[in-house]
Amino acid sequence: MVRGRRKIWVLAAAALSAIAPARADDLDAGRAPMRLAAVRDERPKVAIVIDDVGLDWRRFQAVNRLPMPVTIGFLPYGPDAQAMLDSKDPRHDAILHLPMEPHRRKEDAGPDMVPTGAPDAVRAALHANLAKLTGFSGVNNHTGSKTTADETAMRIVLSELEARGLYFLDSMTTPRTKAKRVSATTGATVIEGDLFLDGDFGKGGEKHVRRQLRRLEKIAEKHGEVIAIGHPYPATISVLNEWALERGADLQFVRAKDLAAEVEQRGTGS
């Protein structure tokens with residue numbers, strides 16, 4: 001019986017040690033609140049981004065029903081993109097999926113893509129796209145292997161985003177991207193995608209998505225966080241639904257803007 005009582009006292013002491021002490025001004029005012037200390041979530045952080053949304057309501061609704069919070073990249077030229085953005089589940093976040101010039105001509109970035117070349121043309125295309133949608137927290141590139149590798153163009157883009165309080169998610173469509181380098185002088189917040197969940201318009205099917213999710217988990221375990229970019233293909237959404245339910249307890253799902261905020265805090269010394 002003594003051993004059982006000792007165990008109870010040890011458990012009680014541990015519980016009390018987790019309670020933060022009252023502040024002096026609370027005591028002076030006759031208040032002594034019991035405040036539980038915050039418990040740090042040590043699970044790896046996973047940000048899932050679904051791009052190319054805004055053209056098809058059925059695909060948007062499939063993304064919107066995902067069981068975990070995701071970041072949805074809306075194409076500004078989508079005819080119903082704003083209506084979809086306005087009706088997204090509050091768990092999710094929205095970014096503008098900015099058309100940018102690719103190296104390969106066969107890649108169709110869509111209308112009003114941000115080009116390389118004359119600064120006025122870069123600025124005009126950027127302004128035109130940013131004016132098409134409201135209610136987004138950041139921007140990422142749609143194609144854009146040529147634009148993101150152009151330092152002059154990225155300086156214009158990132159300076160404008162910084163002035164508007166928007167972060168930039170580099171989709172990493174080229175290893176020659178200059179976004180991170182330019183951010184050091186513009187003050188813009190830049191985060192980078194770690195991998196794509198699908199590719200080649202989803203032709204790899206569910207098998208490829210599952211393989212990429214295994215890679216995602218390894219990166220998350222090693223670095224503590226990961227950003228994965230996918231598209232609203234049926235195979236991708238189907239596998240994500242299953243995977244989130246199977247692995248969700250071991251992972252901390254966040255939005256891309258949450259990771260961008262952490263980068264910004266580190267940059268300001270917070």
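- Between Phe196 and Met172, the shortest heavy-atom distance links the atoms CE1-O, 4.3 Å.
- Within 6.0 Å of atom CZ in Arg211, more than 12 heavy atoms from other residues, nucleotides or ligands are found, so the atom counts as buried in its surroundings.
- For the atom pair Leu213 CG and Arg215 CZ, the distance stands at 11.0 Å (nearest 0.5 Å).
- When each of Thr147, Thr143, Asn141, Thr116 is paired with Glu101, the side-chain hydrogen bond (donor to acceptor under 3.5 Å, both in side chains) condition holds for Thr116 and for no other.
- Between Met154 and Thr148 there is a side-chain heavy-atom pair separated by less than 4.5 Å.
- How far CD1 of Ile72 is from CE of Met84: 10.5 Å, rounded to the nearest 0.5 Å.
- Residues Leu130 and Val139 have side chains in contact (heavy-atom distance under 4.5 Å, counting atoms from C-beta outward).
- No side-chain donor-acceptor contact under 3.5 Å links Ser238 to the backbone of Pro234.
- Checked against salt bridge (charged side-chain N to carboxylate O under 4.0 Å, His left out), Asp112 has the following partners two or more places apart in sequence or in another chain: Lys132.
- In this structure, a donor-acceptor pair under 3.5 Å is present between the side chains of Thr236 and Asp198.
- In this structure, Glu264 contributes its side chain and Thr189 its backbone to no donor-acceptor pair below 3.5 Å.
- When the side chains of ILVMFWY residues are joined at heavy-atom separations under 4.5 Å, either directly or via intervening members, Val46 and Ile191 end up in two distinct hydrophobic clusters.
- Of the inter-residue distances, the one linking Gln252 atom CD with Asp250 atom CG reads 12.5 Å to the nearest 0.5 angstrom.
- Here the CH2-CD distance, from Trp243 to Gln212, works out to 12.0 Å after rounding to the nearest 0.5 Å.
- Looking only at distances, a side-chain donor or acceptor of Asp194 sits under 3.5 Å from a matching main-chain atom of Ile227.
- Looking at heavy atoms from C-beta onward, Arg266 lies in side-chain contact with Val263 at the 4.5 angstrom threshold.
- Pairs of residues two or more places apart, or lying in two chains, that qualify as side-chain hydrogen bond (donor to acceptor under 3.5 Å, both in side chains) and include a residue from residues 153-164 are His127-Glu160, Glu151-Arg155, Arg155-Thr185, Glu160-Arg164.
- Atom CE of Met100 sits about 13.0 Å away from atom NZ of Lys146, to the nearest 0.5 Å.
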Worksheet entry | From CA spacing to verdict: side-chain contact (heavy atoms from CB on, under 4.5 Å), Arg214, Arg210 | CA-CA 6 Å; Arg214 290 193 292 271; Arg210 289 193 178 93; 4.2 Å; yes
Worksheet item: Given Leu75 and Asp52, is the side-chain contact (heavy atoms from CB on, under 4.5 Å) satisfied, shown in steps?
Response: CA-CA 6 Å; Leu75 290 164; Asp52 292 358; 4.2 Å; yes
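- Residues Ile50 and Pro232 share a closest heavy-atom pair of CG2-N, 3.8 Å.
- Across all non-hydrogen atoms, the minimal contact from Tyr77 to Gly110 is CE2-CA, 3.9 Å.
- Between Ser183 and Val190 the shortest heavy-atom distance is CB-CG2, 3.5 Å.
- Sequence neighbours left out, the pairs with a member in residues 78-123 that pass ring-ring contact (aromatic ring centres under 6.0 Å, His included) are His97-His142.
- A search for side chain to side chain contact (heavy atoms under 4.5 Å, CB included) contacts involving Asp86 returns Gln82, not counting sequence neighbours.
- Proximity of Leu66 to Phe253: side-chain heavy atoms (C-beta onward) are nowhere separated by under 4.5 Å.
- Proximity of Arg104 to Ser145: side-chain heavy atoms (C-beta onward) are nowhere separated by under 4.5 Å.
- The aromatic rings of Trp57 and Phe60 sit perpendicular, their planes meeting at an angle over 60°, well past the 30° parallel limit.
- Residues Leu85 and Val53 share a hydrophobic cluster, clusters being chains of Ile/Leu/Val/Met/Phe/Trp/Tyr side chains in contact below 4.5 Å.
- Side chains of Val70 and Leu240 form no contact here, defined as non-hydrogen atoms less than 4.5 Å apart.
- For the atom pair CG of Leu259 and CD of Glu225, the computed distance is 5.0 Å after rounding to the nearest 0.5 Å.
- Scanning both residues, Ala109 and Pro99, for their nearest heavy atoms gives O-CB, 3.2 Å.
- No donor-acceptor pair under 3.5 Å is formed between the side chain of Ser171 and the backbone N or O of Thr173.
- Side-chain contact between Leu98 and Leu126 is present, with heavy atoms from C-beta onward closer than 4.5 Å.
- Nearest heavy-atom pair across Ala220 and Val226 is CB-CG1, 3.8 Å.
- The salt bridge (charged side-chain N to carboxylate O under 4.0 Å, His left out) check on Asp93 picks up Lys257, with sequence neighbours excluded.
- Ile229 and Val209 fall into different hydrophobic clusters, defined by Ile, Leu, Val, Met, Phe, Trp and Tyr side-chain heavy atoms under 4.5 Å apart, directly or through other members.
- Applying the side-chain hydrogen bond (donor to acceptor under 3.5 Å, both in side chains) test to residues at least two apart or on different chains, none of the pairs has a partner in residues 58-71.
- Of the possible polar contacts, one joining the Arg91 side chain to the Pro67 backbone as a donor-acceptor pair under 3.5 Å is found.
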Discussion item. The test is side-chain contact (heavy atoms from CB on, under 4.5 Å); show your working for Ile48 and Leu216 and say whether it passes.
Written reply: CA-CA 10 Å; Ile48 301 293; Leu216 175 156; 3.9 Å; yes
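- A donor-acceptor pair is defined here as one N or O able to donate and one able to accept, closer than 3.5 Å; no such pair exists between the side chain of Lys180 and the backbone of Lys178.
- By the 4.5 Å heavy-atom criterion applied to side chains, Asp170 and Asn140 are not counted as neighbours.
- Note on Tyr233: it does not cluster hydrophobically with Val239, by side-chain heavy-atom contacts below 4.5 Å among ILVMFWY residues.
- Phe136 and Leu158 fall within a single hydrophobic cluster, where Ile, Leu, Val, Met, Phe, Trp and Tyr side chains are chained together by heavy-atom contacts under 4.5 Å.
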Discussion item. Between Leu251 and Arg43, is the side-chain contact (heavy atoms from CB on, under 4.5 Å) condition met? List the steps.
Written reply: CA-CA 5 Å; Leu251 303 169; Arg43 294 175 300 169; 5.7 Å; no
